[in-house]
Amino acid sequence: MTAPVFTTLGCRLNAYETEAMKELATAAGVQNAVVVNTCAVTSEAVRKAKQEIRKLRRDNPDATLIVTGCAAQTEPATFSAMPEVSRVIGNTEKMQAATWAQMTPDLIGTTEPVQVDDIMSVTETAGHLIDGFGTRSRAYVQVQNGCDHRCTFCIIPFGRGNSRSVPAGVVVDQIKRLVDRGYNEVVLTGVDLTSWGADLPAQPKLGDLVMRILRLVPDLPRLRISSIDSIEVDENLMQAIATEPRLMPHLHLSLQHGDDLILKRMKRRHLRDDAIRFSEDARKLRPDMTFGADIIAGFPTETEAHFENSLKLVGDCALTWLHVFPYSARQGTPAAKMPAVNVKDIKTRAARLRAAGDAQVQRHLAAQLGKTHCVLMENTRMGRTEQFTEVAFETDQPESQLVTAQITGHDGKQLIASSC
């Protein structure tokens with residue numbers, strides 16, 4: 001018998017939860033199992049999950065093949081019908097020790113092959129604390145799960161449930177342990193991070209959590225925030241951006257589009273001017289701030305004029321790191337019933353957005369020449385600046401440490417530096 005093999009598809013939160021499942025499976029004594037943690041964000045993600053399941057079954061013909069994650073939560077019947085699949089477990093169940101205790105060799109086959117409950121009934125925090133997930137230099141801390149919003153293109157709330165927050169005290173205690181173990185950077189993660197606190201007593205905001213972490217963990221060198229919804233940013237978070245150098249000047253924005261009509265059809269809560277205003281305000285408070293963003297190309301009913309507004313938003317918000325998603329209809333969402341854009345046009349528009357993003361990266365890299373950065377080394381030859389830009393070194397540097405570096409050039413993708 002062998003230890004279970006895990007495959008992760010999709011987001012950073014999925015990767016975090018895979019680490020939690022590894023701990024739970026190991027503690028339960030699970031053996032000879034293959035676990036696929038799926039993503040449901042697009043139809044393509046589900047297709048890739050099925051493809052990966054078939055490949056893993058061919059490679060592991062005698063293993064128990066377990067499918068979990070968002071696609072398993074939203075489409076349990078789809079995966080239970082696959083002959084390659086032994087068991088399907090939901091997003092809540094995968095984080096419970098009792099589930100994995102049922103996966104031991106002497107119990108497999110004696111319990112229900114599909115364990116997927118109504119995730120909308122889950123009200124408690126689903127987070128499983130993993131001390132040190134990530135590289136040796138950077139740790140990821142899940143502080144929130146689920147989403148209360150219903151964007152018309154998105155199936156994720158039905159895979160993750162409603163928003164639940166990890167209490168601030170629990171988060172601070174975990175970060176203290178991470179710092180004691182030598183981690184120099186912590187990244188706060190969640191499905192809808194800026195909704196953190198809405199379900200907690202007194203309804204604190206994300207900015208309150210950030211300020212509390214920085215105040216109570218003074219030895220933490222760097223705190224980073226993952227994807228946020230800029231319309232939900234609170235005053236304390238803006239204050240932290242302005243006054244806390246340990247909060248990294250890099251924010252990934254969930255923008256999705258640059259045209260007001262399309263944003264309304266997406267059921268987003270911001271308009272184009274809101275995004276521009278936020279980016280301008282943040283840069284005034286922190287001139288070295290850089291932005292990433294999610295943008296969808298070819299959303300149903302999108303005309304060329306609508307698309308041009310998205311394209312212009314790249315420059316209007318000075319976006320540097322783009323995640324471009326060609327629209328893919330997701331069954332079960334309102335957008336899937338809207339008039340579709342021609343597939344060829346979707347691909348063309350996505351390529352134009354990526355080209356605009358690439359041009360922004362080139363501008364950003366060129367602007368760093370001659371500057372000095374504090375670089376967190378991910379390995380002996382590569383690290384990242386405060387703005388999350390990759391930096392390559394020609395000589396070995398101390399892994400997982402912060403290095404002061406002079407930027408001497410770039411290769412179009414990475415900065416090139418020498419240590420000071």
Side-chain angles (χ1 to χ4, degrees), residues 9-11 38-51 70-71 74-75 78 147 149-160 191-192 227-231 252-276 278-279 291-361:
L9 304 172
C11 66
T38 62
C39 173
V41 69
T42 63
S43 305
E44 179 66 11
V46 176
R47 187 192 70 79
K48 287 182 178 179
K50 294 177 182 178
Q51 186 179 51
C70 289
T74 56
E75 300 183 35
T78 296
C147 184
H149 309 301
R150 297 295 181 264
C151 298
T152 59
F153 56 85
C154 187
I155 198 75
I156 297 305
F158 302 97
R160 289 286 177 181
V191 175
D192 181 27
S227 181
I228 63 169
D229 198 337
S230 59
I231 200 67
H252 189 85
L253 309 178
S254 179
L255 297 181
Q256 310 306 342
H257 211 275
D259 183 86
D260 285 350
L261 180 60
I262 297 298
L263 287 167
K264 289 179 179 178
R265 288 173 177 168
M266 288 179 164
K267 209 173 179 180
R268 299 294 294 168
R269 286 158 296 134
H270 72 274
L271 298 175
R272 173 191 181 82
D273 284 349
D274 296 322
I276 296 171
F278 172 78
S279 62
F291 300 108
D294 297 328
I295 299 184
I296 295 173
F299 185 82
T301 75
E302 180 189 77
T303 65
E304 183 65 24
H306 296 148
F307 170 73
E308 287 290 338
N309 280 332
S310 272
L311 198 60
K312 287 187 287 187
L313 191 70
V314 176
D316 291 341
C317 288
L319 306 176
T320 300
W321 318 111
L322 289 193
H323 289 179
V324 177
F325 297 89
Y327 176 76
S328 172
R330 192 69 181 83
Q331 295 305 310
T333 62
K337 299 177 182 179
M338 297 179 186
V341 175
N342 180 278
V343 173
K344 183 178 179 181
D345 289 338
I346 293 176
K347 291 182 178 179
T348 299
R349 291 172 186 175
R352 290 171 65 190
L353 273 172
R354 292 190 181 108
D358 290 343
Q360 289 289 96
V361 170

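From a predicted model like this one, the values you see are computed outputs, not experimental measurements.
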* Cationic tip of R265 within the cone over F153's six-membered ring, i.e. under 6.0 Å and within 45° of the normal? -> no
Check step by step if side chain to side chain contact (heavy atoms under 4.5 Å, CB included) holds for F291 and C317. CA-CA 8 Å; F291 300 108; C317 288; 5.7 Å; no
Apply side chain to side chain contact (heavy atoms under 4.5 Å, CB included) to the pair R268 and S254, showing each step before the final yes or no. CA-CA 10 Å; R268 299 294 294 168; S254 179; 3.1 Å; yes
Residues passing the side-chain contact (heavy atoms from CB on, under 4.5 Å) test with A49, sequence neighbours excluded, are L9, T38, F79
So CG of L263 and NE2 of H306: to nearest 0.5 Å the spacing works out to 10.5 Å
Exercise answer: donor-acceptor pairs, residues 327-343 side-chain atoms, under 3.5 Å, sequence neighbours excluded:
residue, atom, partner, partner atom, Å
R330, NE, A40, O, 2.7
R330, NH1, E75, OE2, 3.0
R330, NH2, E75, OE2, 2.9
T333, OG1, R330, O, 2.6
N342, OD1, K344, N, 2.8
N342, OD1, D345, N, 3.3

Here the gap from C154 atom SG to Q256 atom CD, rounded to the nearest 0.5 Å, amounts to 8.5 Å
Nearest heavy-atom contact between A297 and E302 is C-OE1, 4.1 Å
With sequence neighbours left out, the residues meeting ring-ring contact (aromatic ring centres under 6.0 Å, His included) with H149 are none
Over 60° means perpendicular and under 30° means parallel, so classify the ring planes of H323 and H252, tilted if in between.
tilted
Pairs of donor and acceptor atoms involving the side chains of residues 353-360, under 3.5 Å and at least two apart or interchain, shall be tabulated with distances.
residue, atom, partner, partner atom, Å
R354, NH2, V324, O, 3.4
Q360, OE1, R363, NH1, 2.5
Q360, NE2, L319, O, 3.0

Hits for side-chain contact (heavy atoms from CB on, under 4.5 Å) against K312, two or more places apart or cross-chain, chain-then-number order -> R272, N309, D316
*Going through the checks in order, is the salt bridge (Lys or Arg N to Asp or Glu O under 4.0 Å) test met by D274 and R269?*
CA-CA 10 Å; D274 296 322; R269 286 158 296 134; over 6 Å; no
Applying side-chain contact (heavy atoms from CB on, under 4.5 Å) to S230 and not counting sequence neighbours gives L253, L255, F278
When every non-hydrogen atom of G258 is compared with those of L313, the smallest separation belongs to CA-CD2, 3.8 Å
Here the gap from D229 atom CG to C151 atom SG, rounded to the nearest 0.5 Å, amounts to 7.5 Å
Between D259 and H257, the two heavy atoms sitting closest are N-ND1, 3.1 Å
Heavy-atom closest pair (T74 atom, I155 atom, distance to 0.1 Å) is CG2-CG1, 4.0 Å
Nearest heavy-atom contact between F325 and D294 is CE1-OD1, 3.7 Å
